[in-house]
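Chain letters run A, B, ... following the sequence lines, proteins first and then strands; every chain starts at 1.
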Amino acid sequence: MNLELPARPPFSLATAVHSHGWVQLAPFGEDRAAGVLHCVIHLDSGRVVALEVREGGPGVQVSPDTTLTGDEAAEVGRTVTWMLGLDQDFTDFYALAGDEPKLAAMEAQAQGRILRSPTLFEDTVKTILTTNTAWSGTIRMVRRLVDTYGAPLPTDPDRKAFPRPERLAAVDPEELRRAAGLGYRAPYVAELAGAVAGGSLDMEALRETDLPTPELRKQLLSIKGVGDYAAANLLMLLGRYDFLPVDSWALRVVSHEWHGGEPIGRSEVEEAFQAWGPWRGLAYWFWDWSYNSAS
DNA sequence: GGTAGACCTGGACGC
DNA sequence: GCGTCCAGGTCTACC
């Protein structure tokens, strides 16, 4: 049983999937040559299913590895729509970007969507695990977290879904530190999982909130382990582009783009994209960096 | 509000 | 093979 999900044009599955490194993080996977995105998700019914997502029509075709009930199929539809931002509309941004040579190709390439995990909880944990470590470390930590605590896929137990909050909340932080190699980040993940599992923090409600972006940012910053960079990264995933996720890479590319490679600070990065107003994060994310392409 | 130091891991490097 | 250094954001204490 395949699901056909429409996307607001322009849309490209490959562009959305490769919008950042998230596809390299478990339980995502891909067959790049075949143009297939793989993922394993844990449904509300308790079942764990594998999905294959292909571009099809003006949207995507989703192939589960098992027969789904009506409710489960509807949940898969909502989840994949969220993950790929199928209903996102960048018309206003494209109108501005068309006048900027460094962004002018965005509409033709259907850029703008940023691959998300099935839940904001999962994306928040993954974002915490990007901080203060190399990308290879993030890949390793997420993989070990999924392998150690994720619910197995019945048809292939070696493949697992991202662990649910209640599962991680039940793990001693010291075990998280050792078993998943999270280091000092372990108590942050444990505290977040505990808050979500205990009901004191409804992460998924933040996906639909009408809160102004600065207020939403404050809520994200109240999560231990989420600082300026991580909050801005999560806001980007939530479709709020008012803040820039300034990390060491941002300092490097902005320095080479406008400051001759000289050391710069956060303020120079923010100043570079100030003119883009509520779209500044998107302009930064998809900027055609001269340093990046030359290195 | 700004700053210094600690946190943790793995990779690079020198010996 | 071993030891040392470094990169990578956030938190806490302190000024």
Side-chain angles (χ1 to χ4, degrees), chain A residues 20-26 114 116-117 120-149 163 165 168 171-196 200-201 203 206 213-238 240-257 259 261-274 280-281 284-285 289 291-292 295:
Chain A
H20 60 148
W22 247 218
V23 71
Q24 298 172 42
L25 301 180
I114 299 170
R116 301 155 162 158
S117 300
L120 186 57
F121 168 74
E122 182 175 331
D123 272 338
T124 305
V125 172
K126 287 176 174 175
T127 298
I128 289 173
L129 299 186
T130 66
T131 60
N132 205 24
T133 187
W135 178 242
S136 60
T138 301
I139 292 175
R140 183 177 49 254
M141 285 187 269
V142 174
R143 165 54 65 192
R144 288 168 70 173
L145 208 53
V146 170
D147 285 348
T148 309
Y149 304 110
L168 293 180
V171 181
D172 180 72
E174 187 54 36
E175 186 193 323
L176 266 185
R177 179 191 295 260
R178 284 185 290 100
L182 304 192
Y184 71 93
R185 304 166 197 81
Y188 300 157
V189 171
E191 185 174 322
L192 172 63
V196 174
S200 61
L201 176 60
M203 288 299 296
L206 299 182
T213 304
E215 293 301 312
L216 180 53
R217 177 172 175 268
K218 278 185 188 171
Q219 288 210 11
L220 294 170
L221 286 172
S222 71
I223 299 169
K224 279 274 186 65
V226 174
D228 284 339
Y229 160 77
N233 192 63
L234 289 168
L235 287 171
M236 291 285 296
L237 291 171
L238 288 167
R240 312 281 192 115
Y241 309 114
D242 313 48
F243 293 87
L244 299 176
V246 180
D247 57 7
S248 56
W249 184 81
L251 296 173
R252 194 177 313 138
V253 292
V254 169
S255 167
H256 280 83
E257 192 81 4
H259 299 276
E262 292 296 311
I264 61 169
R266 178 186 186 88
S267 59
E268 283 84 356
V269 178
E270 290 174 344
E271 185 185 339
F273 290 93
Q274 194 62 29
R280 58 178 77 99
Y284 158 76
W285 198 278
W289 300 104
Y291 177 78
N292 195 32
S295 56

### Query
When all nucleic acid strands are considered with a 4.0 Å heavy-atom cut-off, which category describes I223(A): base, sugar-phosphate, or nothing?
sugar-phosphate

### Query
Toward the 5' end of DNA chain C, which comes first, S248(A) or K224(A), by nearest nucleotide?
S248(A)

### Query
For R143(A) and dG10(B), what is the distance between atoms CZ and P respectively, to the nearest whole Å?
16 Å

### Query
Looking across every strand, which nucleic acid part, if any, lies under 4.0 Å from G137(A) by heavy atom: base, sugar-phosphate, or nothing?
nothing

### Summary
The residue, S136(A) or L182(A), whose nearest nucleotide of DNA chain B is more 5′ is L182(A)

### Query
Among the nucleotides dG11(B), dG8(C), dG9(C), which one has an atom lying closest to any side-chain atom of D247(A)?
dG9(C)

### Query
Which whole-number value in Å describes the distance from R185(A) CZ to dA6(B) P?
18 Å

### Query
With a non-hydrogen cut-off below 4.0 angstrom, is R178(A) in contact with a base, only sugar-phosphate, or nothing?
nothing

## Note on the structure
Against the side chain of Y188(A), the closest entry in dG9(C), dC11(C), dG10(B) is dC11(C)

### Query
How are the rings of W289(A) and Y284(A) set to each other: parallel, tilted or perpendicular (split at 30° and 60°)?
perpendicular

### Query
Can a donor-acceptor pair be found between the side chains of S117(A) and K126(A) at a distance below 3.5 Å?
yes

### Task
Spell out yes or no: do the side chain of Y229(A) and the base of dG8(C) have one donor N/O and one acceptor N/O closer than 3.5 Å?
no

### Query
Less than 6.0 Å separating the ring centroids of H20(A) and W285(A)?
yes

#### Entry: Gap between atoms CG and C1', on L251(A) and dA7(C) respectively (whole Å)
13 Å

### Task
Report yes if the side chains of W22(A) and T127(A) come closer than 4.5 Å at any heavy-atom pair, otherwise no.
yes

### Query
Across the strands shown, which category fits A186(A) at heavy-atom distances under 4.0 angstrom: base, sugar-phosphate, nothing?
nothing

#### Entry: Selected nucleotide, minimal atom distance to T131(A) side chain, candidates dG11(B), dC8(B), dT10(C)
dT10(C)

### Aromatic Y291(A) / basic R252(A) pairing, under 6.0 angstrom, 45° off normal
no

### Query
Given atom CD1 of I139(A) and atom P of dG8(C), what is their separation to the nearest angstrom?
16 Å

### Message
How many whole angstroms separate atom CH2 of W135(A) from atom P of dG11(B)?
### Response
15 Å

### Task
For R266(A) and dG1(B), give me the distance from atom CZ to atom C1', rounded to whole Å.
14 Å

